[in-house]
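Written out below as structure tokens is the structure these notes cover.
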Amino acid sequence: MRGSTVFLLLILIGAVAAFSIWRGWLPVADRWNPWAPLNVQEQPNLLTPFKLWRLQEDPALCVAALQTSSLRYAQQADSPPSAKCPLVNTLRIQGGDVALSSSFLSSCRLAVAYALFDIHQLQPAAQSVFGQKVTQIDHLGSFACRNVYNRSEGRLSQHASANALDIAGFRLADGRRISVLRDWDDDAENGRFLKMVRDGACKQFNTVLSPDYNAAHRNHFHLDMGRWRVCR
């Protein structure tokens, strides 16, 4: 009974604190304010998933978060409701400090998670293993109006809402190319880098699938912001 009372008291204290922060009665740094816009330059913390979740239905918050990144993007017109795979609040990501093999369509949350991943996971991994930056990401695309694994029946893939990105490889500042297909099983630095990138991506994206997951992902990392949390 005593434990339950303490637990309820902690919940009450937390609720009062959250309400006070929301009303502006209790000043805290923006990175610890759940209602403040997400700044992708700041180190992610326990509030980052909540702030990413809030972007889903709030285009203004999305713009505020993206403005703290180096991404170049263009807002896309919403699809008509009658579309088989309607796109709403979708962006075309054109690049940034890191070049892209081509632009890609992206949901707001995916774009912000991608920016976080680049700054806090990808570049630190490249510096740790190679002592240089990743200058380009080679990808296989994001939007595809299809079911999971292109099955004729079943649920739609996260790609059907531009909420997933498939990354095939990376190019370093010295021109070297790192390929998921070729280098995943490498016992040297290329393979070590790819394992670090996969593990780091799991901190920013809800689902990360690599060649360890199944043969369908032997040549790419699948990254998405769907409801399921998987890191393989």
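All residue numbers refer to positions in the sequence shown, counting from 1.
Taking the six-membered ring where the residue is Trp, the centroids of His139 and His220 are separated by 6.0 Å or more. The ring of Phe104 has its center no closer than 6.0 angstrom to the ring center of Phe143. Checked against the 6.0 Å centroid criterion, the rings of Phe205 and Tyr114 do not qualify as a close aromatic pair.
Contacts classified as salt bridge (Lys or Arg N to Asp or Glu O under 4.0 Å) and involving residues 198-217 (residues at least two apart or in different chains) are given here: Arg198-Asp212.
Side-chain contact between Phe193 and Asp186: absent, with no pair of heavy atoms (C-beta onward) separated by less than 4.5 Å. For the pair Arg229 and Thr207, the minimum side-chain heavy-atom distance is 4.5 Å or more. Side-chain contact between Leu223 and Val208: present, with at least one pair of heavy atoms (C-beta onward) separated by less than 4.5 Å. For the pair Leu52/Leu38, a side-chain contact is recorded, criterion being any heavy-atom separation below 4.5 Å from C-beta on.
Although no hydrogens or angles enter the test, the distance criterion places a donor-acceptor pair under 3.5 Å between the side chain of Gln132 and the main chain of Asp174. Using modelled atom types, one side-chain atom of Arg54 and one backbone atom of Trp35 make a donor-acceptor pair closer than 3.5 Å. In this structure a side-chain-to-backbone donor-acceptor pair under 3.5 Å is missing from His159 to Ala144. Under a 3.5 Å cut-off, the side chain of Gln123 and the backbone N or O of Val134 do form a donor-acceptor pair. In this structure, Gln75 contributes its side chain and Leu91 its backbone to no donor-acceptor pair below 3.5 Å. Of the possible donor and acceptor atoms, one in the side chain of Asp78 sits under 3.5 Å from a partner among the backbone N and O of Asn89. With hydrogens and angles ignored, the 3.5 Å screen pairs a side-chain donor or acceptor of Asn206 with a backbone N or O of Gly226. With hydrogens and angles disregarded, no donor-acceptor distance shorter than 3.5 Å links the side chain of Asn147 to the backbone of Asn150. Under a 3.5 Å cut-off, the side chain of Ser142 and the backbone N or O of Leu165 do not form any donor-acceptor pair. Within the 3.5 Å criterion, the main-chain N or O of Trp184 finds a donor-acceptor partner in the side chain of Lys195.
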**Q.** Verdict with reasoning, Val230 to Leu209, per side-chain contact (heavy atoms from CB on, under 4.5 Å)
**A.** CA-CA 7 Å; Val230 182; Leu209 305 179; 3.8 Å; yes
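In this structure, the separation between OG1 on Thr48 and NE2 on His120 is 8.0 Å, given to the nearest 0.5 Å.
With respect to Glu189 and Arg176, a salt bridge is recorded, a charged nitrogen being found less than 4.0 Å from a carboxylate O.
Applying side chain to side chain contact (heavy atoms under 4.5 Å, CB included) to Leu55 and the options Leu66, Val112, Val63, Leu110 leaves one that passes, Val112.
The closest side-chain donor-acceptor pair between His217 and Asp166, if any, does not fall under 3.5 angstrom. Inspection of the Asp138 and Gln136 side chains reveals an N or O donor paired with an N or O acceptor under 3.5 Å. A donor and an acceptor atom, one from each side chain of Asn163 and Gln158, are located under 3.5 Å apart.
Linking ILVMFWY side-chain heavy atoms closer than 4.5 Å, directly or via other members, places Leu87 and Met225 in two distinct hydrophobic clusters.
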